[in-house]
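What follows is a single structure, written as C-alpha cells, with notes after it.
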Amino acid sequence: MRVRQNILVVGCVLAALGARAQADRGAAAPAQPPTARYRITPNRTETAVTVDGVLDEPVWQTAQRVTGFAMNFPVDEQPLAGQSEVMLAYDDQYLYVASINRKATDKPYVVASLRRDFQRYDQDFFAVYLCPFNDQANGFYFAVSPYGVQAEGLVANTDDISLTWDNRWFAEAVQGEGQWTAELAIPFKTLRYDATSGHWGINFGRADRQSQNEVGSWVPVPRNQNIDNLLFHGELVWPEPLPTPGRNLALIPYLGANLGNDYTDTEPWQNELNYGFDAKVAVTPGLNLDLTVNPDFSNVEADVQQINLSRFDLFFPERRQFFIENSDLFSSFGFQNIRPFFSRRVGLGVPIVAGMRLSGKIGSKWRVGLMNVQTEGLAEDGLLAQNYGVAAVQKQILGSSYIGGIFVNRQAYDANAGGFLDSNYNRVAGLDVRLQTKNGQWDGKATFQRSFSPGAGDRPIAGGATLSFTKPKGGFNVFTEYVGTDFKAETGFTPRLTQFDPTREERVVVGYWRTNGEVFYNFLPEERAVARHGPGTFWQVVTDSLGNVTDHNMNGWYEFNFRNSSYFGLWAVKTYTRLLFPFEAGVQRSADGGTETQTFFAPGGYHYQEGGFDYGSDNRKLLRWEVGASAGTFYSARTYGGRFEFRYRAQPWGSFEGSISYTSIDYPEALGETEEFVLLGARADLSFTRSLFLSTFWQYNSQSGFWGTNTRFQWRFAPMSDVFLVVIDDYDERLSIQQRAIALKVVYWLSL
C-alpha cells in the first residue's frame with residue numbers, strides 16, 4: 001500500500017512539473033530578461049593579447065563593451081553601485097576577457113588570500129560563466145580577484161560549482177584609481193564545446209564588498225538564486241565558425257617519495273618511491289577521457305573532524321582530482337541518503353592501481369559517463385582486490401530538465417581463485433528524472449534504484465521524490481524516500497536503520513520510509529540594515545518498513561541576514577526517537593589510554609527538545625567570528641553546548657582560523673556521569689606569493705581521541721605544475737606521537 005502511495009506521489013510531482021515546464025516553453029519566465037538585450041560578440045584579434053591586466057591592446061579599443069550590472073544581493077532589480085564594463089576577443093587558441101571594475105568607495109579591497117580557488121562569497125571578484133552547449137545545466141566558471149588570484153570550477157545542475165576542478169588558463173589584474181582592471185585568457189583546449197554552435201550561454205558576475213556588500217551580474221539574477229545559476233544568461237555570438245581546438249592531450253606525471261613511522265611498534269621507518277601519471281584526452285570537443293595509473297593522493301587535504309552523536313554514518317566530500325570533472329554525472333543520482341555511487345567508497349584504505357573515466361557531451365542533449373577503477377588487495381589485512389565500474393547517461397528534456405540512468409558494479413578479484421569472484425559482488429541500477437522550470441522557481445526530482453547481490457532478499461529497492469518552490473519572499477519543499485531492507489549500495493552512501501534481533505543476538509538492517517517538508521518566509525526591507533529576515537519550519541517522520549514510527553522531529557527558526565554579511569538566528573527543535581536497540585552514545589577512556597564504549601540508553605521511545613542561537617559577524621572585516629549556543633535534552637539526559645569560530649586575515653598574505661565546539665551530556669544517575677565532547681581546530685594559511693603557499697591544519701576530537709596535524713607546503717613552479725611537501729602527525733590523548741608520515745611529491749602538467 002505504501003509503495004502505491006509513493007508511486008502516486010512521484011507521478012503527481014512529475015506530472016505537475018512537466019505541465020509547468022511545458023507551459024514555460026511557450027512563454028519566457030518573468031525573471032529571465034530578453035536575450036537580445038544581453039548579447040555580446042567578441043572581436044577577432046590577429047595579435048595575441050598579453051595577459052598583464054593593462055588594457056592597452058588595439059582590440060580592446062574597438063571591442064563591444066557591455067555594462068549595466070544588476071544587483072542580486074542585498075536587493076535585486078537595482079544597479080550595482082560599482083559597475084563593470086566587459087569586452088571579449090578571441091584568436092585561434094584563446095577566448096580573451098577584459099573587465100574594468102569600478103569601486104563605489106575608497107575602502108580597501110576585501111580578499112581572502114593569494115591562494116588559488118578562493119571562496120567567492122567572502123571577497124571581491126570578477127567572474128565569467130560559460131555555458132558552451134546552451135543547455136542551462138552545465139558549464140564553466142572563471143574568476144579573478146583584484147590581486148590577480150585565479151579561481152575556476154565546473155558548474156553542474158544549473159548552479160552547483162565544484163572548485164576542486166583544476167585546469168590551465170591565465171589571468172592578471174591591476175589596481176588603479178577608483179577601479180581595477182582584469183584580463184583573462186581561456187584556452188579553447190580547456191573548454192568542452194560544440195564546434196558547430198555559433199551561440200554560447202554567458203554571464204558575468206561581480207562582488208563589490210567594500211561598501212554595501214553588493215553582489216550582482218550582467219544578466220539579472222533574482223535574489224532567491226545564486227549568480228552562478230546558468231538558467232540566467234545572455235548570448236555569446238561567434239562572428240564566424242569556432243576555432244578548432246586541435247589536439248588536446250595533457251599528460252600529468254608525478255614522482256613521490258613517502259616516509260612513515262608507526263611509533264607504537266619497534267619497526268624502523270618505512271619508505272617508498274611512488275610514480276604514476278594522470279592523462280586528459282579530448283576524444284571530441286565535448287567528450288573527455290581521464291586516465292590514472294598508480295595515483296597518489298598524499299597532497300589532498302585531510303577531512304575536517306566531526307562529532308557524531310547520531311546512529312548513522314557521516315558524509316565526507318570527495319577531494320581527489322581524478323574523480324572531479326563531470327563528477328555530478330555520477331554522484332548526483334539519487335538523494336543525499338540514497339546515493340547509488342559515492343566515489344569516497346573507491347580506494348578506501350587500499351591503493352588504486354589504475355582507472356579510466358570517459359565523460360562529457362554527445363551532441364547537444366546527451367551526457368554520458370563510463371568509469372572503471374581497479375584497486376589492489378591487501379592480503380595481510382584480508383582485503384581482496386576490487387573492480388569498480390560505473391555507467392551513466394543523461395538526456396536533456398524540456399530545457400534544463402533531464403532523465404538519466406546509472407549502473408554501478410563492484411566485484412572482487414582474486415588471481416589465485418581464477419579472476420573475478422561470482423560470489424562477491426554488488427550492483428545497483430538506477431533511474432532519475434529531474435524537472436525544473438525556466439526561472440528555477442519549481443524544481444522536482446524522482447529516483448528509483450534496485451540492487452543486486454548474492455542471496456538478496458525480496459526488498460532490494462530504494463526510491464524517492466522531492467518538489468520545491470522558491471521565490472525571494474519564501475518557498476517550500478517536500479520530500480519522501482524509501483529504502484528497502486535488502487537494498488545494498490556498497491559503492492554508494494546509504495545510512496541504514498538497524499534494530500536488535502533477540503533471536504540472533506545481533507543488530508539487523510531494516511527498511512525505512514522518510515518524509516519531510518520545509519516552509520519559510522522572507523521579509524525584504526528596502527534601504528535598511530537588514531537584507532532579509534523571516535521564520536521557517538522543518539518537519540520529518542521516519543518509519544520502519546512495517547509503518548512503525550521510529551523518529552519524528554519538528555524545528556522552527558527565525559533568521560536575520562544583514563547587508564553587512566552578518567547574521568543572527570534563533571532555533572528550537574522537538575524530537576521523538578524510538579530506539580530499536582541499545583544506543584552507545586558515548587565513549588569512555590580507560591586508564592591505559594584505550595577506549596571502551598558503554599551503553600547509556602535502553603530501547604524505547606524518547607521525547608526530547610533543544611533550542612539555541614547562532615550569530616556571525618561582518619564577513620568583510622579582518623577579524624570575523626561566529627558563536628552559537630544550545631541547551632535542552634538528549635534522550636533521557638540533559639545537554640548543553642556551544643561553539644566559537646574566528647578568522648583573522650592579514651590581508652592579503654595570511655589567514656588564521658580557530659574553532660572550538662563543546663557539548664556536555666548529563667546522564668541520569670542510573671546511566672552514568674556527565675560526558676563532555678570537545679572538537680578543536682586551528683588553521684594557518686600563508687601565501688608568500690601567488691605561487692608559494694604554506695598551510696597548517698590542526699585538529700582534536702575527544703570522541704575518537706584523535707589529535708592530528710597536517711602541514712602542506714606548495715610551490716607552483718609552472719602552470720598547473722607543483723611541488724608538495726606534506727607532513728602528517730597523529731597523536732593520542734596524552735599528546736604522545738603515534739604515527740608520522742612525510743610525503744614529497746612533484747607534479748608536472750605537460751600539454752601535448
Side-chain angles (χ1 to χ4, degrees), residues 92-95 116-117 130 132-133 138-142 150-156 161-170 185-195 242-256 274-297 299-300 318-331 343 346-347 352-362 367-374 388-392 716-722 724 745-752:
D92 289 337
Q93 293 183 313
Y94 296 96
L95 168 64
R116 193 183 181 106
D117 290 340
L130 294 175
F133 286 93
N138 302 279
F140 302 88
Y141 155 83
F142 301 93
Q150 298 171 243
E152 74 268 36
L154 295 176
V155 186
I161 288 186
S162 169
L163 291 177
T164 50
W165 177 72
D166 287 322
N167 221 308
R168 286 170 58 99
W169 64 288
F170 309 93
I186 305 170
F188 288 111
K189 287 184 176 183
T190 294
L191 303 173
R192 313 282 179 256
Y193 61 91
D194 180 0
L242 285 174
T244 57
R247 182 176 59 184
N248 188 355
L249 169 62
L251 185 63
I252 314 166
Y254 82 88
L255 179 65
N274 292 329
Y275 54 90
F277 69 88
D278 289 343
K280 291 181 175 290
V281 183
V283 180
T284 71
L287 199 61
N288 195 69
L289 175 65
D290 287 278
L291 302 172
T292 187
V293 174
N294 193 29
D296 174 78
F297 306 114
N299 57 297
V300 176
E318 179 61 78
R319 301 175 186 271
R320 297 171 294 179
Q321 185 63 219
F322 171 75
F323 295 99
I324 298 302
E325 185 166 354
N326 288 316
S327 61
D328 69 289
L329 189 56
F330 303 98
S331 64
S343 59
V346 179
I352 293 177
V353 177
M356 62 78 64
R357 189 162 55 92
L358 181 69
S359 61
K361 281 272 193 178
I362 296 181
R367 295 179 74 207
V368 296
L370 295 171
M371 182 189 302
N372 190 270
V373 178
Q374 179 68 43
Y388 298 87
V390 188
R716 176 146 289 186
F717 62 89
M720 304 305 299
S721 304
D722 301 278
F724 294 97
K745 181 178 178 181
V746 181
V747 182
Y748 185 72
W749 184 294
L750 181 63
S751 293
L752 302 174

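Here the structure is a predicted model, which means the values were calculated and not measured. Each residue takes its place number in the sequence, starting with 1. For the numbers below, each heavy atom of this structure counts, side chains included, while hydrogens, waters and symmetry mates do not.
- Contact of the Leu154 side chain with the Phe140 side chain is registered, since non-hydrogen atoms from C-beta on lie closer than 4.5 Å.
- Minimum interatomic distance between Pro295 and Ile352 (heavy atoms only, all atoms of both residues): CD-O, 3.2 Å.
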For this session: Verify side chain to side chain contact (heavy atoms under 4.5 Å, CB included) between Ser751 and Lys189, making sure each step is shown before the conclusion.
Result: CA-CA 10 Å; Ser751 293; Lys189 287 184 176 183; 5.7 Å; no

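- The shortest non-hydrogen separation linking Asn167 to Met720 is O-SD, 3.3 Å.
- Heavy atoms of other residues, nucleotides or ligands lying less than 6.0 angstrom from OH of Tyr275 number 12 at most.
- Evaluation of the side-chain hydrogen bond (donor to acceptor under 3.5 Å, both in side chains) rule for Gln150 yields no partner, not counting sequence neighbours.
- Summarising the geometry, atom OG1 belonging to Thr284 is positioned 11.5 Å from atom NZ belonging to Lys361; distances are rounded to the nearest 0.5 Å.
- The closest donor-acceptor contact from the side chain of Thr292 to the backbone of Gly355 lies at 3.5 Å or more, if one exists at all.
- Inter-residue side-chain proximity for Leu358 and Val368 is flagged as unmet; no heavy-atom pair is nearer than 4.5 Å.
- Note that CG of Leu255 is 15.0 Å distant from OH of Tyr748, once rounded to the nearest 0.5 Å.
- Nearest heavy-atom pair, Leu242 versus Tyr193, reported as atom, atom and distance to 0.1 Å: CD1-CD1, 3.6 Å.
- Inter-residue side-chain proximity for Asp166 and Asp117 is flagged as met; some heavy-atom pair is nearer than 4.5 Å.
- Proximity of a side-chain donor or acceptor of Ser721 to a complementary backbone N or O of Trp749 within less than 3.5 Å is detected.
- Shortest non-hydrogen contact noted between Pro719 and Arg168 is CB-NH1, 3.6 Å.
- In this structure, CZ on Arg357 lies 6.5 Å from NZ on Lys280, to the nearest 0.5 angstrom.
- Leu370 and Phe330 get closest at one heavy-atom pair: N-CZ, 3.9 Å.
- Phe277 pairs in a side-chain contact (heavy atoms from CB on, under 4.5 Å) with only one of the listed residues (Val747, Leu251, Ile252, Leu750), which is Leu251.
- Shortest non-hydrogen contact noted between Leu329 and Ala392 is O-CB, 3.6 Å.
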Problem set entry | Test side chain to side chain contact (heavy atoms under 4.5 Å, CB included) applied to Tyr254 and Asn274, step by step | CA-CA 8 Å; Tyr254 82 88; Asn274 292 329; 3.8 Å; yes

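- A heavy-atom distance below 4.5 Å is not found between the side chains of Trp169 and Tyr94.
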